[in-house]
Number of protein chains: 2
Amino acid sequence: MSPQLAAMTGILKDRGIRLTAERRAILKGIHSCGGHFDADTLLDHFRRRGDRVSRATIYRTLGTLVEIGLLRKIEMGDRQSLYEPVEGREHHEHMICLHCGEIIEFVEPEIERLQDEVCRRSGFTPQDHTLQIYGICYACNCENVAGESGTAGAGR
Amino acid sequence: MSPQLAAMTGILKDRGIRLTAERRAILKGIHSCGGHFDADTLLDHFRRRGDRVSRATIYRTLGTLVEIGLLRKIEMGDRQSLYEPVEGREHHEHMICLHCGEIIEFVEPEIERLQDEVCRRSGFTPQDHTLQIYGICYACNCENVAGESGTAGAGR
DNA sequence: TCTAAATTGAGAATCTGTCTCAACTGGAGA
DNA sequence: TCTCCAGTTGAGACAGATTCTCAATTTAGA
Ligand SMILES: [Zn+2]
Ligand SMILES: [Zn+2]
Ligand SMILES: [Zn+2]
Ligand SMILES: [Zn+2]
């Protein structure tokens with residue numbers, strides 16, 4: 001068992017959350033998915049491996065993991081929500097390519113600071129925020145400059 | 001007919017978009033809703049007034065108005081979109097109170113500039129962005145400092 | 001081991017929003 | 001003003017993501 005997985009299971013135990021086979025599988029699956037993933041991708045992952053974890057349990061467990069701070073949920077307006085492990089990673093926001101679906105992360109502390117400042121000015125107590133920039137990534141830009149072929153990829 | 005409404009209908013005409021009774025009603029309804037609204041609120045508005053505009057037409061028309069730049073669509077994570085008239089208003093972002101549902105607008109040009117800079121650094125061509133801050137508004141903060149009563153209001 | 005309470009799974013339900021297609025209509029031209 | 005047809009509409013089917021229901025199962029502590 002990897003050290004991160006051990007840490008995660010420890011956190012669950014501390015919170016009095018039972019360590020079921022399904023939750024173990026999900027914790028393991030989260031890391032093998034790498035980066036950003038959605039509930040359905042995780043479900044497919046289990047189906048392919050023969051593990052059986054129901055859709056309901058996946059959604060429930062992902063929700064729980066977000067609640068206790070092990071996962072971050074990124075709500076994409078249209079399509080389904082994405083999740084990503086928090087686990088020591090730096091807080092960041094996302095650029096999403098409308099052409100190929102690529103997700104690019106960026107860190108910009110000054111933006112975070114300005115948000116806090118805006119909140120302070122309004123007497124608003126921030127708990128969470130989402131910042132997503134939609135557009136065309138570098139690779140897709142280059143493609144388009146070259147051969148203007150038909151559209152493909154993740155629309156929005 | 002208000003001057004804004006006249007301007008809007010003019011824009012539709014210029015684009016060759018037919019001025020049907022339903023579209024007129026929607027244009028009028030948009031202004032009477034004031035501020036931010038969602039498709040269902042608009043639908044209820046019509047139902048109450050006895051006007052009959054189908055759900056399909058409301059969604060189609062809101063989409064059209066976004067396309068031609070008369071409305072802005074704000075995709076809330078929870079998957080229900082809000083709309084707001086653009087109409088000369090300054091570009092802004094939103095703080096949303098998790099307790100009472102209040103939506104507070106803010107303008108922060110420096111955040112916009114930093115976003116552009118981040119994109120430039122990555123060779124990413126931005127087309128659109130969403131920035132929402134979720135938390136507790138000033139009024140709800142004060143309430144809580146006083147009597148600690150049970151929870152109520154718009155959750156998330 | 002026993003037991004209460006937490007958890008699961010199958011499928012129904014919900015919630016937003018889109019699509020289909022026959023019926024209808026705005027408005028340009030006669 | 002009348003005609004005509006492409007653009008529009010409405011009812012309801014459809015779709016995708018997520019949540020809910022509740023009986024059956026399982027965990028973890030005594
Ligand atoms: Zn791309
Ligand atoms: Zn990320
Ligand atoms: Zn509030
Ligand atoms: Zn606004």
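We name chains A, B, ... by the order of the sequence lines, and we start the count at 1 in each one. Heavy-atom basis, side chains included; hydrogens, waters and symmetry copies ignored. The shown structure was predicted, so the numbers you read here are calculated from the model rather than taken from an experiment.
Atom CD in B/Glu22 sits about 18 Å away from atom P in C/dA23, given to the nearest Å. In this entry the distance linking NZ of B/Lys73 with C1' of C/dT16 reads 10 Å, nearest Å. B/Met76 places its CE atom 17 Å from the C1' atom of C/dC15, with the value rounded to the nearest Å. Rounded to a whole Å, the CZ atom of A/Arg55 is 14 Å from the C1' atom of C/dA13. A/Ile26 places its CD1 atom 12 Å from the C1' atom of C/dG9, with the value rounded to the nearest Å. The interatomic distance linking A/Tyr59 (OH) with C/dT14 (C1') rounds to 13 Å, in whole Å.
Grouping Ile, Leu, Val, Met, Phe, Trp and Tyr by side-chain contacts under 4.5 Å, direct or through others, leaves A/Val107 on its own. Cluster note: A/Tyr138 groups with no other residue, as no ILVMFWY side-chain heavy atom lies under 4.5 Å from it.
Using a 4.0 Å heavy-atom cutoff across all strands shown, B/Arg23 reaches sugar-phosphate atoms only and no base atom.
Here the CD1 atom belonging to A/Ile26 is positioned 7.5 Å from the CD atom belonging to A/Glu22, to the nearest 0.5 angstrom.
With sequence neighbours excluded, the residues forming a side chain to side chain contact (heavy atoms under 4.5 Å, CB included) with A/Glu93 are A/Arg72, A/His91, A/Phe106, A/Glu112, A/His129, A/Leu131, listed by chain and number. The side chain to side chain contact (heavy atoms under 4.5 Å, CB included) search around A/Glu102 returns A/Cys97, A/Cys100, A/Ile104, not counting sequence neighbours. Residues that satisfy the salt bridge (charged side-chain N to carboxylate O under 4.0 Å, His left out) test with A/Lys73, not counting sequence neighbours, are A/Glu75. Applying the side chain to side chain contact (heavy atoms under 4.5 Å, CB included) criterion to B/Thr64, with sequence neighbours excluded, gives B/Ile17. Remark: B/Arg121 pairs with A/Glu108, B/Glu117, B/Val118 by the side chain to side chain contact (heavy atoms under 4.5 Å, CB included) rule, at least two apart or across chains.
The shortest distance between the side-chain N/O atoms of B/Ser81 and the OP1/OP2 oxygens of C/dG17 is below 4.0 Å.
Taking a 4.0 Å limit (strictly below) on heavy-atom distances, residues 36-54 of chain A reaches DNA chain C at A/Arg52, A/Val53, A/Ser54.
Two different hydrophobic clusters hold B/Met76 and B/Ile133 under the rule that ILVMFWY side chains link at heavy-atom gaps under 4.5 Å.
With hydrogens and angles left out, the side-chain atoms of A/His94 and A/Gln132 include no donor and acceptor closer than 3.5 Å. Side chains of A/Asp38 and A/Thr41: a donor on one and an acceptor on the other come within 3.5 Å.
At most 12 non-hydrogen atoms from other residues, nucleotides or ligands lie less than 6.0 angstrom from CZ of B/Arg47.
The nucleotide range of DNA chain D contacted by chain B, defined by atoms under 4.0 angstrom from heavy atoms of the protein and reported 5' to 3', is D/dA6 to D/dT18.
Here salt bridge (Lys or Arg N to Asp or Glu O under 4.0 Å) pairs that include residues 50-69 of chain A, with residues two or more places apart or in two chains, are A/Asp40-A/Arg55, A/Arg49-A/Asp51.
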**Complete:** Per-nucleotide protein contact along nucleotides 24-30 of chain C, 5' to 3', at a 4.0 Å heavy-atom cut-off (B base, S sugar-phosphate only, - neither), is -BBS---
**Request:** Report the C-alpha distance between A/Leu82 and A/Ile103 in whole Å, list the side-chain angles of each, state the deciding distance to 0.1 Å, and finish with yes or no for side chain to side chain contact (heavy atoms under 4.5 Å, CB included).
**Result:** CA-CA 11 Å; A/Leu82 294 186; A/Ile103 297 178; 3.2 Å; yes
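Looking at the side chain of B/Arg60, the nearest of the listed nucleotides C/dT20, C/dG17, C/dT7 is C/dT20.
Comparing the local axis fitted to the first five base pairs of the helix from C/dT1-D/dA30 to C/dA30-D/dT1 with the one fitted to its last five gives a bend of 30°, rounded to 10°.
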